[in-house]
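Remember, it's a predicted structure, so these values are computed and weren't measured experimentally. Hydrogens, waters and symmetry mates are skipped; everything else that's a heavy atom, side chains included, is used. Counting convention: from 1, in listed order, for ligands and their atoms alike.
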Amino acid sequence: MDFDHTPEQSQLRDAVASLGTRYGHSYYVERAKAGAHTDELWVEAAKLGYLGVSVPAEYGGGGAGITELAIVTEELAATGCPLLLLVVSPAIVATIVAKHGTPAQRDAYLPGFAEGTLKACFAITEPDAGSNFHNLATVARRDGDGYVLTGRKVYISGADETSYVLVVARMADERTGRLQPALFMVPCDAPGLTYSKIDMEIVSPENQFMLFLDEVRVPAGALIGESAEAGLPALFTGLNPERITVAAMSIGTARYALSRASAYTATRSVWGRPIGSHQGVAHPLAHAAIQVELARLMVAKAASLYDLGRDVEAGVAANMAKYAAAEAAYLAVDTAIQAHGGNGMTTEYGVATLMGGVRAGRIAPVSREMILNFVSQHVLGQQKSY
Ligand SMILES: Cc1cc2nc3c(=O)[nH]c(=O)nc-3n(C[C@H](O)[C@H](O)[C@H](O)COP(=O)(O)OP(=O)(O)OC[C@H]3O[C@@H](n4cnc5c(N)ncnc54)[C@H](O)[C@@H]3O)c2cc1C
């Protein structure tokens, strides 16, 4: 068991941290409040190869793994810039295309993901299906030499700043007639595809949208994989990288909050000495730091198992990492706010601005309850309860 990064991973971590520090949380908040995106940061990270770090080298990517993409995601978040689209575009969509796309799809999309010039969002959640993806009502039907998609999606992150959306629909199996998941790369400007912004109580330059697909026609080449059977395995391929990188983002955010809090409590003095010398202030921060570090180990384990191709073990570890990281991040941000007193609720001190994001981390992309269901069933051998 080796807890050290390789020299390349350490260099990547330092380089990403130094890029993020040049932008920082005030930039992130200013963009969010202006209704703008973090384009400058995204473009710079792309040029430096950080966004394409996990894209196969033959398509111009870094040829590394989800471990490295998690490092990029964590370090940007640790500078106060948690970028959700890293979880969506390179972690979910690029990974699915790389592992399940046809050669033509890999040629078409992976160079853009490698350069970071192509951004895609991911649409599975539906208003009436929620956590139960067996109830998806978005359907695709064969029509001539293409497909036609109809349905509604909700909470789709980044639909306004991406050029494609990877839509999870259901399609009848040609042999059995049974509906099964099928994934389609749909251009965001396709006729019949519209979206509307959902007002969220999260301070973030990345927004969530309702997506409406009204008889959206796509060519046959939009279906991910050689046939509709590729849909389910492709979907599962995206879930572990999603959970691992979203957990890394939670860890980075937690580190940022704790670093702000410890700097503040080391200097803020109200009884003649720094408030951090009171155990009532320091111990909750220390407790949160322990929870964050434990979750961070689990993220590293999940990423390592995933990169080794040990998918079943990686699935368990990714769920546990996502759960632990979301809980630790929520605790860290809440504790950091408390340690700041009234300043904790100001924009200037930059911790309360993190609260909506870490709270959402306990709900999305998979809720804490659904992870507890998964662990109860698959780790503890309990009967499925729902
Ligand atoms: C900020 C944000 C970004 C998002 N981005 C995207 C995106 O880019 N693409 C996308 O497709 N989706 C996205 N989502 C949606 C997200 O994945 C869902 O919100 C999440 O999966 C939960 O689904 P739901 O909201 O429908 O909750 P529901 O399924 O309605 O669940 C409501 C509550 O009931 C609990 N619950 C439900 N079933 C059970 C059960 N069997 N046992 C115990 N508890 C249960 C849940 O845990 C939850 O607490 C995003 C959501 C947020 C908040």
Side-chain angles (χ1 to χ4, degrees), residues 32 37 73 77 82-96 119-138 149 151-162 164-170 181 183-186 188 193 195-213 234-236 238-243 245-247 249-250 253 318-319 322-323 326-327 329-330 353-378 380 382-386:
H37 302 306
T73 312
L83 295 188
L84 186 53
L85 275 178
L86 282 174
V87 172
V88 178
S89 190
I92 306 177
V93 185
T95 304
I96 288 177
K119 262 194 250 181
C121 57
F122 177 67
I124 182 167
T125 309
E126 293 184 5
D128 298 327
S131 305
N132 183 1
F133 88 88
H134 298 288
N135 277 350
L136 293 186
T138 296
L149 277 69
R152 277 189 311 159
K153 299 285 179 182
V154 69
Y155 302 123
I156 307 312
S157 301
D160 61 334
E161 53 174 320
T162 50
Y164 283 89
V165 49
L166 184 64
V167 174
V168 183
R170 301 181 84 204
L183 277 58
F184 294 88
M185 278 293 266
V186 181
C188 287
L193 179 76
Y195 51 83
S196 67
K197 185 166 173 274
I198 304 171
D199 287 332
M200 306 285 282
E201 296 298 330
I202 301 174
V203 179
S204 169
E206 298 164 315
N207 300 303
Q208 279 67 48
F209 295 85
M210 280 286 291
L211 218 68
F212 306 92
L213 297 120
L235 179 57
F236 281 119
L239 297 184
N240 287 339
E242 175 186 55
R243 280 160 204 194
T245 50
V246 87
M249 190 172 87
S250 295
T253 308
N319 272 292
K322 193 268 155 186
Y323 180 98
E327 297 303 313
Y330 182 77
T353 41
L354 303 168
M355 201 59 190
V358 293
R359 187 65 189 80
R362 298 170 85 203
I363 298 166
V366 54
S367 68
R368 59 195 298 281
E369 292 76 19
M370 292 311 288
I371 294 180
L372 293 173
N373 283 336
F374 174 88
V375 172
S376 303
Q377 207 184 323
H378 297 285
L380 302 177
Q382 303 303 300
Q383 265 189 18
K384 191 173 175 186
S385 65
Y386 54 99

Provide, to 0.1 Å, the distance between [atom] and the closest protein heavy atom, together with that atom's residue and name.
atom                    : answer
atom 12 (N) of ligand 1 : Thr125 OG1, 2.6 Å
atom 3 (C) of ligand 1  : Ser157 OG, 3.4 Å
atom 24 (P) of ligand 1 : Gly130 CA, 4.1 Å
atom 17 (O) of ligand 1 : Pro365 O, 3.2 Å
atom 46 (C) of ligand 1 : Ser367 OG, 3.6 Å
atom 37 (C) of ligand 1 : Ser131 OG, 4.0 Å

Does [atom] have a protein heavy-atom neighbour under 4.0 Å away?
atom                    : result
atom 30 (O) of ligand 1 : no
atom 33 (C) of ligand 1 : no
atom 42 (N) of ligand 1 : yes
atom 21 (O) of ligand 1 : yes
atom 51 (C) of ligand 1 : yes

Can you tell me how far apart [atom1] ([X]) and [atom2] ([Y]) are? Round to the nearest 0.5 Å.
X      : Y      : atom1 : atom2 : result
Met355 : Thr353 : CE    : OG1   : 11.0 Å
Leu239 : Arg243 : CG    : CZ    : 5.0 Å
Leu86  : Thr73  : CG    : OG1   : 4.5 Å
Asp160 : Tyr195 : CG    : OH    : 5.5 Å
Ser131 : Ile363 : OG    : CD1   : 10.0 Å
Arg368 : Ile371 : CZ    : CD1   : 9.5 Å

Quick one: which ligand 1 atoms are inside 4.0 Å of a heavy atom on [X]?
X      : result
Met370 : 38 (N), 39 (C), 40 (C), 41 (N)
Tyr386 : 41 (N)
Ile202 : 1 (C)
Glu369 : 43 (C), 44 (N), 46 (C), 47 (O), 49 (O)
Ile363 : 20 (C)

Any idea which part of Asn373 is under 4.0 Å from ligand 1, heavy-atom wise: side chain, backbone, both or neither?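 Side chain only.
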Just to be sure I read this right, does ligand 1 sit under 4.0 Å from the backbone of Gln208, its side chain, both, or neither, counting only heavy atoms?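 The part of Gln208 near ligand 1 is the side chain, not the backbone.
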Test the Lys153-Tyr155 pair against the cation-pi criterion, namely NZ or CZ under 6.0 angstrom from the six-membered ring centroid and within 45° of the ring axis.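 No cation-pi geometry.
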Do you know which of Leu84, Val88, Val167, Leu211 makes side chain to side chain contact (heavy atoms under 4.5 Å, CB included) with Cys121?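 Going through the options one by one, the only one that passes is Val88.
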Identify the residue among Ile92, Ile96, Leu166, Ile124 that makes a side chain to side chain contact (heavy atoms under 4.5 Å, CB included) with Leu235.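 The side chain to side chain contact (heavy atoms under 4.5 Å, CB included) with Leu235 is passed solely by Ile124 among Ile92, Ile96, Leu166, Ile124.
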Carefully, step by step, assess Glu242 and Thr95 under the rule side chain to side chain contact (heavy atoms under 4.5 Å, CB included). CA-CA 10 Å; Glu242 175 186 55; Thr95 304; over 6 Å; no
Glu126/Arg152 salt bridge by N-O under 4.0 Å criterion: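 Salt bridge between Arg152 and Glu126, a charged N being under 4.0 Å from a carboxylate O: no.
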Return the set of residues passing side chain to side chain donor-acceptor pair (under 3.5 Å) with Glu206 (not counting sequence neighbours), or none when no residue passes.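 With neighbours one apart ignored, the set is empty.
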Nearest neighbour of atom 25 (O) of ligand 1 from the list Phe133, Tyr155, Phe122, on a heavy-atom basis: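 It is Tyr155 that holds the nearest heavy atom.
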Pairs of nitrogen or oxygen atoms closer than 3.5 Å, one from Ala129 and one from ligand 1: do any exist?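 No - when backbone and side-chain N and O of Ala129 are compared with those of ligand 1, no distance drops under 3.5 Å.
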Please confirm whether Cys121 approaches ligand 1 to less than 4.0 Å, judged on its heavy atoms.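 No; Cys121 lies far enough from ligand 1 that no heavy-atom distance drops under 4.0 Å.
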My understanding is that only residues two or more places apart in sequence, or in another chain, count here; which of them pass side-chain contact (heavy atoms from CB on, under 4.5 Å) with Ala91?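 For Ala91, the residues satisfying side-chain contact (heavy atoms from CB on, under 4.5 Å) (neighbours in sequence not counted) are Leu69, Pro241, Thr245.
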